[in-house]
Amino acid sequence: MNKIPVIIDCDPGVDDSYAIALAKSHPNYEIVAITPVEGNVPAVFTRHNALCLRETFEMEHTKIAYGATEPLVRPYFRDASGTHGEGGIGGIKLPDPTRAPEEKPAWDVIYEEAVKYNGELVLFAVGPLTNIATALRKYPDLPKYIKRFVIMGGGTFGNVTATSETAEFNIWVDPTAAKEVFEKLEVYMVGLNATHAAAVEVKDFDEMLEITASGKNKQSDYLNKLTKFSKENSFERGQDNNVIHDALAIAADMNEDVVKFEKFYVYVEDREVENVGETVIDLKGESGKAPNCWVAMKVDQPLFVKMMKDMCKYYAEM
Ligand code: BDR
Ligand code: CA
């Protein structure tokens with residue numbers, strides 16, 4: 001059976017790391033590229049982390065193509081290291097990478113791979129949408145080459161409480177990019193309402209810790225440290241790392257039973273108003289506009305948690 005080509009556009013990131021690990025554990029995916037963007041931490045860190053993760057998870061055939069360092073219009077002024085730890089991956093130090101990134105930028109690699117796979121590519125975006133918007137500006141025919149576009153972002157409520165209670169972080173960092181992307185691509189939006197409904201409990205983290213501790217390889221070692229950080233940072237320090245947001249976007253495509261989507265008209269508020277960065281969802285169909293976005297509305301939490309544990313087992317038993 002031919003594998004499904006996938007690209008993960010991301011800002012690693014603790015939950016981005018789980019997303020990459022989950023995708024790599026799936027027997028039917030071929031991760032053709034990872035394209036880091038600014039986000040949880042500045043691009044200098046997300047780039048470094050992407051290179052390190054390629055080697056930790058032994059993704060020899062995966063291209064790393066650097067993306068944007070700042071949002072399209074807004075200044076980049078957020079440091080989410082409270083949630084993601086120093087350097088973006090829980091303060092964990094991975095060995096310095098031995099391989100360099102592609103010479104071409106993220107948007108060129110996304111387009112070239114999409115054309116190469118002739119409409120079979122599944123594109124995940126689990127960070128701010130700057131790279132995807134840039135690709136769409138440069139290559140307006142990109143949508144016809146994308147089989148499915150799944151994001152972690154937006155949702156029916158927000159988490160950027162300092163400035164807006166309705167905006168989700170990824171969309172809020174670059175609302176200009178998000179607005180353009182939602183207008184040009186059919187989005188499968190795995191938002192906060194879905195990811196919070198899939199939150200991981202202490203007992204499940206404990207099981208993941210046990211499984212990863214039994215694995216004697218660098219993948220299990222990294223997942224063990226990541227899980228320790230996630231557990232402590234959630235239940236002891238009040239952050240939301242028990243919500244493994246980005247992995248749910250991957251899980252949603254891996255197994256259609258995990259997330260149920262419904263189609264609604266959605267637009268992104270990109271003006272500098274109180275709710276900048278909100279994904280405004282016409283849940284009642286009152287706008288008269290045609291539905292354009294698949295919104296994750298229901299989640300099978302036990303199934304998602306099982307997938308996370310199975311992923312840990314996959315690496316532990318390698
Ligand atoms: C999203 O923001 C980031 O902090 C996470 O990696 C996730 O992609 C959740 O709002
Ligand atoms: Ca992310």
Side-chain angles (χ1 to χ4, degrees), residues 7-23 34-43 45-50 53 67-68 71 76-90 92 106 123-132 149-175 177-178 181 187-200 226 229-230 233-234 237-252 259 268 276-279 295-296 299 304 308:
I7 289 182
I8 305 176
D9 188 81
C10 56
D11 57 337
V14 170
D15 56 335
D16 305 74
S17 296
Y18 282 114
I20 291 168
L22 182 63
I34 291 176
T35 51
V37 66
E38 89 288 339
N40 287 319
V41 281
F45 295 113
T46 64
R47 291 171 168 190
H48 175 80
N49 294 340
L53 291 170
Y76 173 64
F77 47 78
R78 170 77 177 225
D79 177 0
S81 56
T83 307
H84 293 267
E86 201 194 324
I89 50 170
I92 302 163
L123 178 60
F124 294 104
V126 296
L129 293 169
T130 321
N131 293 345
I132 311 300
F149 175 57
V150 188
I151 72 163
M152 189 285 128
T156 61
F157 56 84
N159 61 0
V160 192
T161 48
T163 49
S164 160
E165 289 183 357
T166 45
E168 181 280 328
F169 177 76
N170 289 339
I171 306 296
W172 176 84
V173 168
D174 195 343
V181 169
V187 179
Y188 282 78
M189 176 169 75
V190 178
L192 292 175
N193 54 304
T195 62
H196 279 263
V200 176
L226 204 63
F229 174 85
S230 298
N233 209 37
S234 311
R237 290 202 288 272
Q239 296 287 339
D240 72 348
N241 290 72
N242 60 326
V243 183
I244 310 182
H245 305 277
D246 294 347
L248 187 66
I250 309 289
V259 171
V268 175
V276 61
E278 178 180 354
T279 49
V295 181
V299 175
F304 173 66
M308 296 304 290

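Counting convention: from 1, in listed order, for ligands and their atoms alike.
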What distance separates [X] [atom1] from [Y] [atom2], expressed to the nearest 0.5 Å?
| X | Y | atom1 | atom2 | value |
| --- | --- | --- | --- | --- |
| F169 | N40 | CZ | CG | 5.0 Å |
| T156 | E278 | OG1 | CD | 9.5 Å |
| L129 | D174 | CG | CG | 7.5 Å |
| I244 | M152 | CD1 | CE | 12.5 Å |
| I132 | D9 | CD1 | CG | 4.0 Å |

Side-chain donor or acceptor of N233 paired with backbone N/O of F229 under 3.5 Å = no
Ligand-residue contact atoms, ligand 1 with [X], heavy atoms, under 4.0 Å:
| X | result |
| --- | --- |
| N170 | 1 (C), 2 (O), 3 (C), 7 (C), 8 (O) |
| M152 | 1 (C), 7 (C), 8 (O), 9 (C) |
| D15 | 5 (C), 6 (O), 7 (C), 8 (O) |
| E168 | 1 (C), 2 (O), 9 (C), 10 (O) |
| N159 | 9 (C), 10 (O) |

Of all protein heavy atoms, the one nearest atom 8 (O) of ligand 1 is D246 OD1, 2.5 Å
Please determine if V126 has a nitrogen or oxygen closer than 3.5 Å to a nitrogen or oxygen of ligand 1.
-> yes
Does N40 reach ligand 1 with a nitrogen or oxygen that is under 3.5 Å from one of the ligand's nitrogen or oxygen atoms?
-> yes
So which bit of T83 gets within less than 4.0 Å of ligand 1, heavy atoms only: side chain, backbone, both or neither?
-> neither
Quick one: the OD1 of D11, the Ca ion (ligand 2), OD2 of D246 angle, rounded to 10°, please.
-> 140°
So do V41 and T46 actually touch side chain to side chain, heavy atoms under 4.5 Å?
-> yes
Establish, yes or no, whether a centroid distance under 6.0 Å links the rings of H196 and F157.
-> yes
Is D15 close enough that one of its N/O/S atoms sits under 3.0 Å from the Ca ion (ligand 2)?
-> no
Do any of the N, O or S atoms of A19 sit under 3.0 Å from the Ca ion (ligand 2)?
-> no
